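So that the names make sense, note that chain A is the first sequence line, chain B the second, and so on, each numbered from 1. Source: prediction; values computed, not measured.
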Amino acid sequence: MSRIDTESRLTELGLTLPTPPKPVAAYIPCRRAGNLLFVSGQIPLWGGELMARGTVPAQVSIERAQECARQCVLNGLAAAKAELGTLEKIRQVVRVGVFVCSEPGFTDQPKVANGASELLVSIFGEAGRHARAAVGSVALPLGAPVEVEFVFEVG
Amino acid sequence: MSRIDTESRLTELGLTLPTPPKPVAAYIPCRRAGNLLFVSGQIPLWGGELMARGTVPAQVSIERAQECARQCVLNGLAAAKAELGTLEKIRQVVRVGVFVCSEPGFTDQPKVANGASELLVSIFGEAGRHARAAVGSVALPLGAPVEVEFVFEVG
Amino acid sequence: MSRIDTESRLTELGLTLPTPPKPVAAYIPCRRAGNLLFVSGQIPLWGGELMARGTVPAQVSIERAQECARQCVLNGLAAAKAELGTLEKIRQVVRVGVFVCSEPGFTDQPKVANGASELLVSIFGEAGRHARAAVGSVALPLGAPVEVEFVFEVG
């Protein structure tokens with residue numbers, strides 16, 4: 001993947017990165033170690049508000065949770081861009097961890113997580129394909145239906 | 001550990017690696033970054049079917065969940081072998097993340113996780129010993145009782 | 001950060017590292033790969049006993065869970081020191097994963113996790129700031145209200 005494509009690709013897809021999340025308390029949005037950039041767990045904040053709240057699928061539909069997972073990606077990329085200066089420094093997406101606020105018996109975490117994974121591939125192409133763990137969580141920060149964390153290879 | 005032992009060791013242990021999981025949707029079984037190989041969360045698929053389904057311990061016993069955790073290891077090694085060509089490139093097991101589909105009040109996640117950890121040591125010897133996080137999850141993909149992800153050091 | 005500060009800083013803060021956890025079963029407290037040190041999920045053991053047990057906030061208050069998260073940090077640092085010989089080899093805290101044993105509807109996992117994050121910054125200063133994922137877990141090992149795992153950059 002050429003180094004000048006990613007931000008153009010976002011524009012082509014009609015996507016705009018949000019203002020990156022402010023560092024809150026003692027943790028920070030990203031920490032780089034060597035060529036790995038670890039991005040903190042992102043929740044689907046949009047314009048300062050959660051897009052949805054509660055468990056999947058009773059309180060939040062799978063479709064809405066997928067949209068939330070997409071927003072987590074945009075928030076994570078905004079955090080990465082604030083750290084790196086430009087997304088062109090991302091060589092590949094390495095690992096994505098997806099936590100879905102699930103009712104007991106809900107087993108479609110992968111469908112929700114695909115909202116994040118497919119957007120990463122839309123943006124980064126082959127370099128956007130990643131290892132992933134998608135699991136259910138009994139409860140998430142602020143009532144978020146999904147939380148997504150990232151490891152990128154940068155350079 | 002010598003570089004030619006691992007696959008012989010599997011044979012000695014009477015273990016056969018399954019056909020590696022096919023890439024499904026946008027995520028992939030493994031992603032390598034430098035000397036680290038991140039393997040996606042594995043569920044206990046065997047011959048295309050889950051070995052067991054539901055929460056531990058009411059629907060799935062601890063013993064059965066341990067067997068499931070072992071199968072997750074075999075599936076993860078199959079994925080790693082498909083990526084690396086040979087398991088001899090694995091220098092050590094670095095981190096294992098174990099999610100156990102747990103009823104409230106169940107606190108024996110480490111026993112379940114030992115099914116995975118002990119098999120890794122049987123196969124890799126000292127190089128198989130790893131850092132680990134084992135936690136309860138309210139629900140897992142497809143109804144799996146356990147999901148295991150891996151970080152290997154390769155070279 | 002100078003290389004001789006960390007242990008003095010612990011003393012200034014009136015903190016004492018516990019005896020590091022013994023390797024139990026097949027997993028180990030830490031595994032190093034290159035410049036990254038992965039530390040196993042720590043639970044709030046103190047003097048061989050859990051400091052508290054159960055779900056947050058009904059059985060364990062947020063304040064008590066924060067104290068537990070602090071203890072997890074001390075236990076994790078004790079494990080790192082046993083591996084490295086000295087904490088001065090820790091260059092920075094990279095990632096902290098926090099699992100809070102949560103009742104459905106509990107959404108203050110970040111407050112609990114701040115117990116860990118703020119202590120790391122107290123000890124390591126700017127180098128203690130880290131990427132973080134904080135999520136709810138339906139149940140944790142031995143009944144722990146919180147489990148914390150760490151990735152440190154060392155050298």
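Annotation: maximal heavy-atom pairing with chain B below 4.5 Å, among A:Gly128, A:Pro110, A:Ala116, A:Ala139, occurs at A:Pro110. Taking chain A as the reference chain and counting heavy-atom pairs below 4.5 Å, the highest number among B:Ser40, B:Gly41, B:Gly34 is found for B:Ser40. Between chain A and the residues B:Val148, B:Val135, B:Val138, B:Val151, the most heavy-atom pairs under 4.5 angstrom are made by B:Val138. Options A:Lys111, A:Arg95, A:Gln109 differ in how many heavy-atom pairs under 4.5 Å they form with chain B, and the most are formed by A:Gln109.
Of the two parts of B:Phe38, the backbone and the side chain both hold a non-hydrogen atom closer than 4.5 Å to a non-hydrogen atom of chain A. With a threshold of 4.5 angstrom between heavy atoms, B:Arg53 does not approach chain A through any atom at all. Of the atoms belonging to A:Val121, it is side-chain heavy atoms, and not backbone ones, that fall under 4.5 Å from chain B. Proximity to chain B (any heavy atom under 4.5 Å) is restricted, for A:Gln92, to the side chain, taken from C-beta onward. Contact of A:Ser137 with chain B is made through the backbone alone, with heavy-atom distances under 4.5 Å.
When all heavy atoms of B:Tyr27 and A:Ser117 are compared, the pair lying nearest together is CB-OG, 4.2 Å. A pairwise comparison of heavy atoms in B:Gly143 and A:Thr107 identifies N-CG2, 3.2 Å as the closest pair. Residue B:Ala33 comes nearest to A:Leu36 through the heavy atom pair CB-CD2, 3.8 Å, listed as atom of the first residue, atom of the second, then distance.
Applying the side-chain contact (heavy atoms from CB on, under 4.5 Å) test between B:Arg31 and each of A:Val93, A:Val94, A:Val96 identifies A:Val94 as the sole match.
More than 12 heavy atoms of other residues, nucleotides or ligands shown are found within 6.0 angstrom of CZ on B:Arg64.
Residues that satisfy the side-chain hydrogen bond (donor to acceptor under 3.5 Å, both in side chains) test with B:Glu126, not counting sequence neighbours, are B:Arg129.
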